[in-house]
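Order of listing sets the numbers, starting from 1, for every ligand and every atom in it. The first residue of the sequence shown is numbered 1, and numbering continues consecutively from there.
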Amino acid sequence: MSDLESLAEEIDRDSTVVALTGAGTSAPSGVPTFRGDGGVWERFEEGQFTYGRFRSDPGGFWRDRLELQRELFGDVSGPNVAHEALATMERDGFVDAICTQNTDGLHEAAARAVSERANAGAKRKDGTAEATILELHGNAKRVRCVDCGRRTDADPVFERVANDDVPPRCSCGGIYKPDVVLFGEQLPEAAIQRAQSLARESDVFLAIGSSLVVEPAASLPRLAASTGATVAIVTLESTPCDGLADVVCREDVTDALPRLNELTIDDSDRS
Ligand code: APR
């Protein structure tokens with residue numbers, strides 16, 4: 001039996017299955033990864049995008065952030081088959097939550113696409129019609145005013161930055177900040193606690209397309225393993241958590257995830 005086949009046997013509507021995704025999940029959609037060959041951090045410095053720099057040099061931060069936004073999202077083809085497979089498993093009750101480090105909004109887009117295909121108002125086992133997607137690092141499609149907290153679409157604000165209106169300000173006069181967690185900035189406490197309790201409660205924890213080197217996300221597989229979950233890692237390269245994983249799948253997410261979805265459905269038909 002292959003690793004994915006044995007993994008699919010543990011995924012059913014009665015088990016708690018949590019997925020953690022990283023940049024490798026969106027790479028097939030044209031969003032560059034951060035590390036590894038050709039990664040974003042070969043062309044930019046993390047130090048350009050720290051919270052400290054945002055506070056001390058908001059103009060310079062926004063000029064560099066415009067370049068990074070173009071690099072990350074300038075050529076994105078939309079959700080890929082891995083996003084759709086995960087969204088389908090979540091809609092059909094085989095995955096309980098998708099925690100993502102990605103800020104591209106592609107899991108939400110995939111959830112909308114697959115729910116439109118399902119019968120309208122399809123209910124999940126927890127009775128909700130909404131997908132459970134935790135954006136641990138926020139969403140780069142939005143900006144937020146640091147004074148009044150107003151959130152708005154990022155695109156028009158980046159247009160203003162491209163026209164040298166930096167730093168861009170809210171109508172209240174406050175400076176806008178990308179609605180993402182910057183280096184040196186704490187993740188929202190509620191998001192961390194929710195992700196940690198999901199990891200603790202999980203029977204199966206899937207770490208997909210992440211190098212698992214950035215905290216606190218990198219600790220989630222360890223936390224899941226410590227409470228007895230079956231941990232599966234799907235990435236093209238090794239991660240520091242490979243040693244604690246029950247399944248390590250060195251496959252492209254666009255092969256592994258659709259296959260896992262098919263296997264899970266086959267198994268459920270048998271049970
Ligand atoms: N299929 C499977 N795995 C892939 C694919 C693919 N098609 N493409 C890339 N990968 C793997 C790479 O081998 C690597 O292990 O995905 C991983 C991507 O790792 P990173 O680029 O480090 O991305 P991530 O783990 O999400 O980074 C975490 O770091 O810079 C911060 O805030 C940023 O959220 C990001 C965080």
(request) Search all heavy atoms of Cys241 against all heavy atoms of Ala218 and return the closest pair with its distance. (result) SG-O, 3.8 Å
(message) We want to know whether His83 and Thr25 form a side-chain donor-acceptor pair, criterion being a heavy-atom distance below 3.5 angstrom.
(response) no
(request) Inspect the contact between Arg151 and Asp179 and indicate whether a charged nitrogen and a carboxylate oxygen are less than 4.0 angstrom apart. (result) yes
Ligand 1: protein N/O within less than 3.5 Å of ligand N/O:
from	atom 1	to	atom 2	distance (Å)
ligand 1	1 (N)	Val253	N	3.0
ligand 1	3 (N)	Leu236	N	3.2
ligand 1	7 (N)	Asp252	OD1	3.3
ligand 1	7 (N)	Asp252	OD2	3.1
ligand 1	13 (O)	Glu237	N	3.3
ligand 1	13 (O)	Glu237	OE1	2.4
ligand 1	16 (O)	Gly209	O	3.3
ligand 1	19 (O)	Ser211	N	3.3
ligand 1	21 (O)	Phe34	N	2.8
ligand 1	21 (O)	Arg35	N	2.9
ligand 1	22 (O)	Arg35	NH1	2.7
ligand 1	22 (O)	Ser211	OG	2.6
ligand 1	25 (O)	Ser210	OG	2.7
ligand 1	25 (O)	Ser211	N	2.9
ligand 1	25 (O)	Ser211	OG	3.3
ligand 1	26 (O)	Ala23	N	2.8
ligand 1	27 (O)	Arg35	NH1	3.1
ligand 1	29 (O)	Arg35	NH1	3.0
ligand 1	29 (O)	Arg35	NH2	3.1
ligand 1	30 (O)	Arg35	NH2	3.3
ligand 1	30 (O)	Trp41	NE1	3.1
ligand 1	34 (O)	Gln101	O	3.2
ligand 1	34 (O)	His137	ND1	3.0

(request) Verify whether the ring centers belonging to Phe158 and Trp62 lie closer than 6.0 Å. (result) yes
(request) Please report the closest heavy-atom contact between His137 and Thr103, naming both atoms and the distance. (result) O-CG2, 3.4 Å
(message) Among Ser26, Ser210, Ser29, exactly one meets side chain to side chain contact (heavy atoms under 4.5 Å, CB included) together with Asn102. Which residue is that?
(response) Ser26
